[in-house]
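The model shown is predicted, which means the values in this text are computed figures rather than measured ones.
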Amino acid sequence: MDKEIIVAVAIGIGLAASCGFRVFVPLLVAGIAERAGVLPLNEGFQWLATWPAIFCFGTATVFEILAYYIPVIDNLLDTITTPLAVGAGTILFTSVLPVEDEFLKWVTGFVFGGGVAATVQMGTALTRLASSKLTAGTGNAVVATGEHAAAFGTSVLSLFTPFFIAVIVILFIAFLILKFGTKLYKRKIP
């Protein structure tokens, strides 16, 4: 397998996982990184680095971060942002994957990028739900702060240490599957 593809997959996994924490942070980071010459995006995805897109992603990032500190709204946002995270994860994974076949590129982006984003988003939503249940919502601000840090950290670090972040993300997803998957499986058994 080509080294360029392996690096792109690692970067794509990190950016897609970041979408599971916050939808707009990785889009903003990717746009700025492309503009700075740090992240080359595939043809057709340069719009992510235009000033209007960066302004929109920046504005949306601020509103998304602030909204997660409002009780009840934070749980509602988890419902709304799940499909958005899948879409953003798909776009970011596809935008860095150096594959010529458009169909293969988009299917791979959806399966891996969208799948990683959805899994991380589900884990954060379940964590917030548990926090709401255990602390009557008072602990959600702590959870939100951790998610903000994870979104920024994962986005930026995936550009500079993609393999490290990809391994961390894969381990995190395995943990989520083991932690929550077994609980869901046990509930279905009579």
Side-chain angles (χ1 to χ4, degrees), residues 1-2 4-34 38-49 53-54 56-58 60-61 64-65 68 77-99 101-128 146-177 180-181:
M1 189 180 276
D2 187 10
E4 183 182 10
I5 291 176
I6 295 170
V7 171
V9 166
I11 292 170
I13 287 172
L15 290 173
S18 191
C19 293
F21 292 114
R22 290 294 170 267
V23 174
F24 297 105
V25 168
L27 292 166
L28 176 63
V29 169
I32 292 169
E34 162 67 25
V38 174
L39 178 68
L41 297 174
N42 288 330
E43 185 178 328
F45 291 95
Q46 287 80 21
W47 62 270
L48 289 167
I54 289 172
C56 288
F57 295 145
T61 295
E64 184 180 25
I65 287 172
Y68 270 101
L77 271 178
D78 281 331
T79 305
I80 296 169
T81 58
T82 299
L84 293 175
V86 172
T90 300
I91 287 171
L92 286 173
F93 195 97
T94 305
S95 73
V96 297
L97 191 63
V99 174
D101 185 330
E102 287 295 313
F103 179 75
L104 178 62
K105 186 184 335 184
W106 280 100
V107 168
T108 305
F110 178 72
V111 170
F112 290 103
V116 166
T119 305
V120 172
Q121 170 60 25
M122 212 175 324
T124 62
L126 290 171
T127 301
R128 186 174 337 288
E147 291 170 353
H148 303 327
F152 280 103
T154 304
S155 294
V156 172
L157 290 176
S158 67
L159 302 175
F160 300 104
T161 59
F163 297 112
F164 174 73
I165 293 300
V167 168
I168 296 298
V169 167
I170 291 167
L171 291 174
F172 179 67
I173 289 173
F175 168 76
L176 290 175
I177 290 169
F180 295 111

Practice task
Give a yes or no on whether Phe112 atom CZ has more than 12 heavy-atom contacts from other residues, nucleotides or ligands under 6.0 Å away.
Solution key: no
Handout entry: Side chain proximity check, Ile165 to Phe160, heavy atoms < 4.5 angstrom
Key = no
Practice task
Output yes when a side-chain donor or acceptor of Asn42 lies under 3.5 Å from a complementary backbone atom of Thr94, and no otherwise.
Solution key: yes
Fill in the blank from the handout: Rounded to the nearest 0.5 Å, the CG atom of Leu97 sits from the CZ atom of Phe45 at a distance of 9.5 Å
Problem - Nearest heavy-atom neighbours spanning Ala117 and Cys19 - result: CB-CB, 4.1 Å
Handout entry: Validation row: Met122, Thr82 side chains within 4.5 angstrom (heavy atoms)
Key = no
Exercise for the section: Determine the minimum heavy-atom distance between Phe24 and Phe57, stating which atoms define it. Expected result: CB-O, 4.0 Å
Problem - Distance, nearest 0.5 Å, that separates CG of Leu48 from CD1 of Ile54 - result: 9.0 Å
Practice task
Report yes if some heavy atom in the side chain of Leu15 is under 4.5 Å from a heavy atom in the side chain of Phe93; otherwise report no.
Solution key: no
Exercise for the section: Mind checking the OG1-CD1 spacing from Thr119 to Ile173? Nearest 0.5 Å is all I need. Expected result: 5.0 Å
Handout entry: Ile5 side chain near Pro98 side chain, heavy-atom distance below 4.5 Å
Key = yes
Handout entry: Axial cation check for Tyr68 ring with Arg22, 6.0 Å and 45° limits
Key = yes
Handout entry: Results of side-chain hydrogen bond (donor to acceptor under 3.5 Å, both in side chains) for Ser18 - residues two or more places apart only
Key = Ser155
Practice task
Look up atom CG in Leu84 and atom OG1 in Thr79, then write down how far apart they are to the nearest 0.5 Å.
Solution key: 11.5 Å
Exercise for the section: Check for a donor-acceptor pair, side chain of Gln46 on one end and backbone N or O of Gly44 on the other, with a separation under 3.5 Å. Expected result: yes
Completion exercise
For Ala151 and Phe21 the tightest heavy-atom approach is CB-CB, 3.7 Å
Problem - Heavy-atom check, side chain of Val99 versus side chain of Trp106, under 4.5 Å - result: no
Exercise for the section: Using a cut-off of 6.0 Å, state whether more than 12 heavy atoms not belonging to Phe110 lie near its atom CZ. Expected result: no
Problem - Partners passing side-chain hydrogen bond (donor to acceptor under 3.5 Å, both in side chains) against Glu64 (at least two apart in sequence or in another chain) - result: none
Exercise for the section: Just do the side-chain contact (heavy atoms from CB on, under 4.5 Å) check on Val29 and Leu159 with the steps written out, would you? Expected result: CA-CA 9 Å; Val29 169; Leu159 302 175; 3.9 Å; yes
Completion exercise
For Pro26 and Leu92, the nearest pair of non-hydrogen atoms, with its separation, is CB-CD1, 3.6 Å
Exercise for the section: Find the distance between CG (Leu41) and CD (Glu34) and round it off to the nearest 0.5 Å. Expected result: 4.0 Å
Practice task
Would you confirm whether Thr124, through its side chain, and Gln121, through its main-chain N or O, come within 3.5 Å as a donor-acceptor pair?
Solution key: yes
Exercise for the section: For residues Val169 and Phe164, determine if any side-chain heavy atom of one lies less than 4.5 Å from a side-chain heavy atom of the other. Expected result: no
Problem - Closest non-hydrogen atom pair between Thr154 and Ala17, with its separation - result: CG2-CB, 4.5 Å
Practice task
Quick one: closest heavy-atom pair of Ala88 and Leu27, and the distance?
Solution key: CB-CD1, 4.1 Å
Completion exercise
CD1 of Ile11 to CG of Leu157, rounded to nearest 0.5 Å, is 12.0 Å
